[in-house]
Every structure is written in structure tokens, then in C-alpha cells.
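Quick notes on the structure that follows.
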Amino acid sequence: MKSTARRRSYGVKGAPYAFLLPAGILFALFFALPIGYAVWLSLRKVKVSGLGLGSGARKEVWAGLENYTDALTDSELVSGTLRVLGYGCIVVPVMLGLALLFALMLDSEKVRLAPFTRLAIFLPYAIPGVVAALLWGFLYLPDVSPFYFVLDKLGLPQPDLLDGGPLYLALSNIAVWGGTGFNMIVIYTSLQAIPAEVYEAAKLDGATPLQIALRIKIPMVAPSLVLTFFFSIIATIQVFNEPTTLKPLTNSVSTTWSPLMKVYRDAFGEGDIHGAAAQAVIIAFATLLLSFGFLRAANRRQKQEAAG
């Protein structure tokens with residue numbers, strides 16, 4: 001009897017680990033293992049002897065931190081990082097601002113056709129990023145864009161959105177168009193979870209809809225705003241699809257326009273897999289550090305507000 005009870009006790013205690021085992025295996029195979037392999041590649045390099053011809057002329061040797069030093073002093077990687085920062089300064093505030101505005105509008109009592117409106121705003125997110133970039137790319141081309149045709153007929157100036165400063169606006173527009181719907185759904189779901197009694201009490205105190213939105217709704221969905229901001233920052237750092245897709249349409253987008261584009265070019269264009277691995281590890285570490293710092297600051301602020 002005691003042995004049976006003991007086996008049952010072990011079975012109950014081990015059940016959670018059995019449920020977690022498949023997820024743990026998938027995490028190890030498709031997340032931890034690729035990261036470990038990238039780190040291993042980043043610590044090695046190819047040594048070429050003589051003209052690099054014949055067997056044994058090219059061999060892989062230990063490089064230590066040499067690839068990381070080269071990556072951190074690479075002017076192209078630094079320039080790509082600065083371009084992405086400028087791109088993010090446009091995308092993140094505009095996208096989250098529109099997402100919050102749409103969520104507040106859909107949560108209003110006077111809104112009409114709310115289900116259709118939610119679907120219409122969310123639908124661009126369901127379109128693959130490459131397809132969206134291609135669609136907008138052809139709309140940006142003066143020779144085929146209907147917008148340029150209308151501007152020409154009206155005698156208005158026709159700016160080149162794929163050259164110079166306007167290129168940032170063109171790329172940002174694609175990201176905002178595609179990502180606003182997802183962020184809106186996250187914020188709108190949080191608004192729907194607010195108890196109706198809170199709104200009724202505010203109305204009894206004479207609060208207007210604008211005051212309710214500013215003083216009740218926005219503060220109560222602050223965790224969702226933090227979450228969407230967190231996701232938006234990660235997506236901005238990892239921007240790749242939009243500039244890569246628009247590159248054949250303009251000479252203003254180089255193969256190193258963003259850090260990930262440079263990693264791709266070095267790995268598959270120039271064959272420097274070890275240097276590209278070091279750059280990828282640096283980008284991953286910077287993303288992790290930035291995300292951790294932001295989440296820690298947000299948690300500290302929430303604790304201070306709760307204590308105050």
C-alpha cells in the first residue's frame with residue numbers, strides 16, 4: 001500500500017514536468033541550439049594558406065573575440081544601426097498612437113459597425129510583410145502609381161518617396177500600416193476587460209468621455225501599452241522584409257541598410273559566415289539588453305505608482 005501511494009505521489013509530482021517536456025525539447029532544438037551554434041561560429045574564422053587552393057588550404061581555426069571586434073568597429077553596421085534608430089523613431093510612436101486611438105474609438109458607446117471596423121483595421125496585419133512591401137512599393141513608383149497619376153493631373157508636385165529622406169517615411173508607412181491592427185487588438189482587449197462599474201462611477205461624478213479616456217482608460221491599459229511598445233521595439237530592431245523588398249525598386253536602399261540586411265549579405269553574399277554570426281549575436285544581445293532594461297524600468301515605475 002505504501003509503495004503504491006508513493007508511486008502515485010511521484011506520478012502527481014512529475015506530471016507538470018511531463019507536460020513541459022515537449023515544449024522544452026522544441027525550445028532546445030529550435031531556439032537554444034541555434035543560438036549556441038551561432039555563438040560557436042562567431043568564435044571561429046577561416047584561415048587561408050597560400051592562394052587558398054587545394055586540400056587543407058582553407059581551414060577553420062579559433063578566433064576568440066576577433067569577429068566581435070571587427071563587427072563593433074564596422075562602419076557599415078554602425079550606419080545601419082543609426083538608420084534603424086531613425087526609422088524606429090517614426091514607426092513606434094505613430095503606430096502605437098494610432099493603435100491606442102483606434103482602440104479608444106472602438107470602445108466608445110457611440111461607435112457603429114464595430115465588428116467590421118475592427119476587422120478592417122486588423123486585416124493589414126494578416127497580409128504577409130513581403131506582399132505588403134511589394135504592394136506599397138509599386139504604389140511608390142511614379143511610372144505605375146495611381147497616386148502620381150492623380151497628382152500629375154492636378155498639377156501638384158510629385159515627391160520621390162524612394163529616395164533620400166522620404167524613404168524613411170515610405171518604409172515607416174509600410175510598418176505602421178501592417179502593425180497598427182495587431183497593437184489595436186491588444187489594447188482593445190484590455191479596454192474590454194475594464195469593469196463597467198468604473199465607467200458608471202465616473203459618469204456619476206460628471207466625467208466627460210474625454211476625461212474617462214484620459215484618466216481611466218489609458219492608465220488602466222498601461223500594461224498593454226508596455227507590451228505593445230516592447231514588441232514594437234523588437235520588430236524595429238529586426239527590420240528586414242521592407243527594405244529588402246524595396247531594394248530592387250530603388251538605388252537608395254543598400255544591401256546594408258539595416259543590421260540584419262548586413263548580416264544576410266555577409267553570410268550568404270560574401271560567404272563570411274563567422275563574421276555574420278558575430279554580428280547576429282551582437283544584435284540579439286542588444287535586443288535582449290534593451291528589452292530587459294525597458295521591462296525592468298516599466299516594472300519599477302508600476303511598483304512606485306502602486307506604493308504611492
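A quick note: this is a predicted structure, and the numbers were derived from the prediction, not measured. Scope of the values below: all heavy atoms of this structure, side chains included, with no hydrogens, waters or symmetry mates.
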Close side-chain approach of E66 to R44, heavy-atom, < 4.5 Å: no
Distance (rounded to the nearest 0.5 Å) between T250 OG1 and L167 CG: 6.5 Å
Co-members of the apolar cluster containing F292 [side chain, <4.5 Å]: none
Under 3.5 Å: donor-acceptor pair, side chain of Y140, backbone of A170: yes
K217 to Y199, cation-pi by 6.0 Å centre distance and 45° axis angle: yes
Interatomic distance, D74 atom CG to Q279 atom CD [nearest 0.5 angstrom]: 6.0 Å
Value rounded to 0.5 Å, distance of CG in L20 from OH in Y17: 8.5 Å
Donor-acceptor pair between Y188 and N183 side chains, under 3.5 angstrom: no
R83 side, atom CZ; L85 side, atom CG - distance, nearest 0.5 Å: 11.0 Å
Donor-acceptor contact present, side-chain S232 to main-chain V92, <3.5 Å: no
Whether Y168 and W257 hold their rings parallel, tilted or perpendicular, with breakpoints at 30° and 60°: tilted
Criterion salt bridge (Lys or Arg N to Asp or Glu O under 4.0 Å) on R265 and E76, from CA distance to verdict: CA-CA 12 Å; R265 197 245 359 223; E76 290 184 332; 3.0 Å; yes
Side-chain donor-acceptor contact under 3.5 Å, D163 with S252: yes
Verify same cluster id: F231, V226 (apolar side-chain graph, 4.5 Å): yes
Nearest-0.5 Å distance, CD of residue Q192 to CG of residue L106: 9.0 Å
Candidate pair I35 and W40, rule side-chain contact (heavy atoms from CB on, under 4.5 Å), full reasoning: CA-CA 9 Å; I35 290 178; W40 167 255; over 6 Å; no
Closest approach of A277 to A38 (non-hydrogen atoms, all atoms of both residues): CB-O, 3.5 Å
Exam field: side chain S224 to backbone I187, donor-acceptor pair closer than 3.5 Å: no
Residue pair L162 / L141, side-chain heavy-atom distance below 4.5 Å: yes
D272/K45 ion pair, N-O < 4.0 Å: no
Spacing of CE belonging to M220 relative to CD1 belonging to I216, to within rounding of 0.5 Å: 8.0 Å
Other residues, nucleotides, ligands: >12 heavy atoms within 6.0 Å of D205 CG: yes
Closest heavy-atom pair and its distance - V221, S190: CG1-CB, 3.8 Å
Side-chain touch I237/P259, heavy atoms, less than 4.5 angstrom: no
Cluster check V253, L77: I/L/V/M/F/W/Y, side chain < 4.5 angstrom: no
Step-by-step side-chain contact (heavy atoms from CB on, under 4.5 Å) determination, I174 to L246: CA-CA 11 Å; I174 300 174; L246 292 184; 4.0 Å; yes
Side chain to side chain, S108 and L104, heavy atoms closer than 4.5 Å: no
Side chain S258, main chain F240, donor-acceptor under 3.5 Å: no
Residue pair T256, M261: steps toward the side-chain contact (heavy atoms from CB on, under 4.5 Å) verdict: CA-CA 5 Å; T256 60; M261 290 179 67; 5.9 Å; no
L139 and W136, any side-chain heavy atoms less than 4.5 Å apart: yes
Shortest non-hydrogen contact from L161 toward Y148: N-OH, 3.5 Å
Side-chain heavy atoms of S79 within contact of L82, under 4.5 Å: no
Short side-chain to backbone donor-acceptor contact, H274 and S42, under 3.5 Å: no
Neighbour count >12 (heavy atoms, 6.0 Å) for atom OH, Y68: yes
Full working for ring-ring contact (aromatic ring centres under 6.0 Å, His included) between F122 and F182: CA-CA 6 Å; F122 178 77; F182 171 80; 7.5 Å; no
Connected via hydrophobic side-chain network under 4.5 Å: L214 and V198: yes
Check: I234 and S291 side chains under 4.5 Å, non-hydrogen atoms: yes
Side chains of I218 and L225 in contact at under 4.5 Å (non-hydrogen atoms): yes
Transitive ILVMFWY side-chain link L41 to L33, under 4.5 Å: no
Test side-chain contact (heavy atoms from CB on, under 4.5 Å) applied to L43 and N67, step by step: CA-CA 7 Å; L43 297 175; N67 291 324; over 6 Å; no
Side chains of T236 and Y87, donor plus acceptor under 3.5 Å: no
Shared hydrophobic cluster, I233 / F285 (ILVMFWY, side-chain heavy atoms < 4.5 Å): no
Check: T208 side chain, Q211 main-chain N or O, donor-acceptor pair, under 3.5 Å: yes
